[in-house]
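Along the sequence shown, residues are numbered consecutively beginning with 1.
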Amino acid sequence: MAMESESNPDMRDVFESLCTKSLHFLVADFAFKIVSTEKDNLGCFIVFQNDTTALKASMCPLDGRIAFDFYRLVNNIMPKYPIFFDAASDLLVFNFDNVTLLKDGTFVQQRQSDLFSPQGIERIVKEYADLLRRYATDLLRGDFSISEQVKQLISLRSKRLKNG
């Protein structure tokens, strides 16, 4: 039985291990700590947090993606992930792909099958780690000034969806 688990590793464990390793710079350079790790039937969710910011790394095989979401802490508490976008509210939570789209027009390419392979997960996590180093040092230090641009991008996308 032990041999079977070695040949078929749990992808949630693979994701956790790769995030811990590839995102260690969050701890070393930006005073983040891992404040929670949750593994369930939906995937694996790891929250890194410092005094101003939380970064949630998620692997959801059913959704077919790995995601990194930024949270601006309010009184040192992570706000709830919004179900609907409200252009009139402060943008306290957003997906990191919005930042990379603003910065260079790209995002990490993923296929659902990548989430069932250690090599696929490793590629995605390493790409996100590189992009975080390149484009998110302001956010990691608590400077959310880019959130207005992200809000405009999300608002534009929301309008397109409503208008079909």
Side-chain angles (χ1 to χ4, degrees), residues 11-12 14-16 18-20 22-23 25-27 30 32-40 42-74 76-115 120-163:
M11 294 304 120
R12 295 169 297 187
V14 170
F15 178 72
E16 179 185 16
L18 288 166
C19 281
T20 302
S22 296
L23 301 175
F25 72 95
L26 296 175
V27 175
F30 297 97
F32 277 77
K33 295 177 183 168
I34 295 175
V35 295
S36 70
T37 300
E38 180 183 337
K39 296 177 194 174
D40 60 23
L42 297 176
C44 181
F45 311 91
I46 306 165
V47 177
F48 296 83
Q49 184 175 318
N50 65 15
D51 291 339
T52 60
T53 308
L55 178 68
K56 185 175 186 179
S58 306
M59 182 189 74
C60 304
L62 292 176
D63 290 343
R65 64 188 298 243
I66 290 172
F68 286 80
D69 296 309
F70 275 98
Y71 292 74
R72 179 190 291 182
L73 300 183
V74 178
N76 208 29
I77 297 171
M78 275 178 66
K80 292 186 187 267
Y81 194 93
I83 295 174
F84 297 103
F85 173 69
D86 180 1
S89 296
D90 288 338
L91 187 64
L92 300 175
V93 181
F94 54 88
N95 184 271
F96 180 53
D97 288 342
N98 291 303
V99 175
T100 64
L101 284 168
L102 283 170
K103 297 284 187 172
D104 71 5
T106 64
F107 57 92
V108 175
Q109 298 292 322
Q110 304 182 45
R111 293 181 318 271
Q112 189 171 21
S113 60
D114 291 330
L115 305 187
I121 294 169
E122 180 176 28
R123 177 191 61 80
I124 294 166
V125 170
K126 283 184 174 183
E127 281 186 45
Y128 272 116
D130 290 341
L131 291 169
L132 286 164
R133 281 189 185 104
R134 193 175 328 153
Y135 295 133
T137 56
D138 52 350
L139 291 162
L140 296 170
R141 289 189 175 110
D143 176 359
F144 279 78
S145 57
I146 197 169
S147 64
E148 280 306 310
Q149 291 175 279
V150 171
K151 188 175 179 178
Q152 291 172 5
L153 179 66
I154 295 169
S155 186
L156 179 63
R157 247 190 265 134
S158 179
K159 287 176 187 173
R160 284 185 192 152
L161 286 172
K162 286 179 185 175
N163 296 331

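Between the side chain of Asn50 and the backbone N or O of Leu140 there is at least one donor-acceptor pair closer than 3.5 Å. Although no hydrogens or angles enter the test, the distance criterion places a donor-acceptor pair under 3.5 Å between the side chain of Lys151 and the main chain of Ser89. Looking only at distances, no side-chain donor or acceptor of Asp138 sits under 3.5 Å from a matching main-chain atom of Arg141. Counting only distance, with no hydrogens or angles, the side chain of Arg72 and the backbone of Leu91 share no donor-acceptor pair below 3.5 Å.
The distance from the CD1 atom of Ile34 to the OG1 atom of Thr20 is 4.0 Å, given to the nearest 0.5 Å. A distance of 13.5 Å separates CZ of Phe48 from OH of Tyr71, quoted to the nearest 0.5 Å. Separation of atoms CD (Gln152) and OG (Ser147) is listed at 10.0 Å; rounding is to 0.5 Å. For the atom pair Thr53 OG1 and Asp51 CG, the distance stands at 9.0 Å (nearest 0.5 Å). Summarising the geometry, atom OG belonging to Ser22 is positioned 11.5 Å from atom CD1 belonging to Ile121; distances are rounded to the nearest 0.5 Å. Distance check: Asp114 CG to Ile66 CD1 gives 8.0 Å after rounding to the nearest 0.5 Å.
In terms of heavy-atom proximity, Ala57 sits nearest to Phe68 at CB-CE2, 3.4 Å. Closest of all the heavy-atom pairs between Thr52 and Gly142 is OG1-CA, 3.2 Å. Pairing each heavy atom of Lys39 with each of Cys44, the nearest pair is CG-SG, 3.9 Å. Contact record, Gly64 with Gln110: O-OE1, 4.3 Å, taken as the closest heavy-atom pair.
Counting only heavy atoms from C-beta outward, the side chains of Glu16 and Ile46 approach each other to under 4.5 Å. With contacts defined as side-chain heavy-atom distances shorter than 4.5 Å, the pair Lys33/Val27 does not qualify. Residues Asp104 and Arg134 have side chains in contact (heavy-atom distance under 4.5 Å, counting atoms from C-beta outward). The side-chain heavy atoms of Met11 and Pro61, taken from C-beta on, include no pair separated by under 4.5 Å. Under the 4.5 Å side-chain criterion, counting only non-hydrogen atoms from C-beta, Cys60 is in contact with Phe45. A 4.5 Å side-chain heavy-atom check between Leu115 and Ile124 finds at least one atom pair inside the cut-off. The shortest side-chain heavy-atom distance between Met59 and Val125 does not fall under the 4.5 Å cut-off. Residues Arg65 and Val108 fail the side-chain proximity criterion, which asks for heavy atoms closer than 4.5 Å.
Atom NZ of Lys126 has 12 or fewer heavy atoms from other residues, nucleotides or ligands within 6.0 Å.
By the 30° and 60° cut-offs, the orientation of the rings of Phe30 relative to Phe25 is perpendicular. Ring-plane geometry between Phe96 and Phe70 is classed as perpendicular, the angle between the planes exceeding 60 degrees on a 0 to 90 degree scale with a lower cut at 30. Ring-plane geometry between Phe144 and Phe94 is classed as perpendicular, the angle between the planes exceeding 60 degrees on a 0 to 90 degree scale with a lower cut at 30.
At a cut-off of 3.5 Å, with distance as the only test, no side-chain donor of Asp130 or Tyr135 sits close to an acceptor on the other residue.
A salt bridge between Arg123 and Glu127 is present, with a side-chain N of the basic residue lying under 4.0 Å from a carboxylate O of the acidic one.
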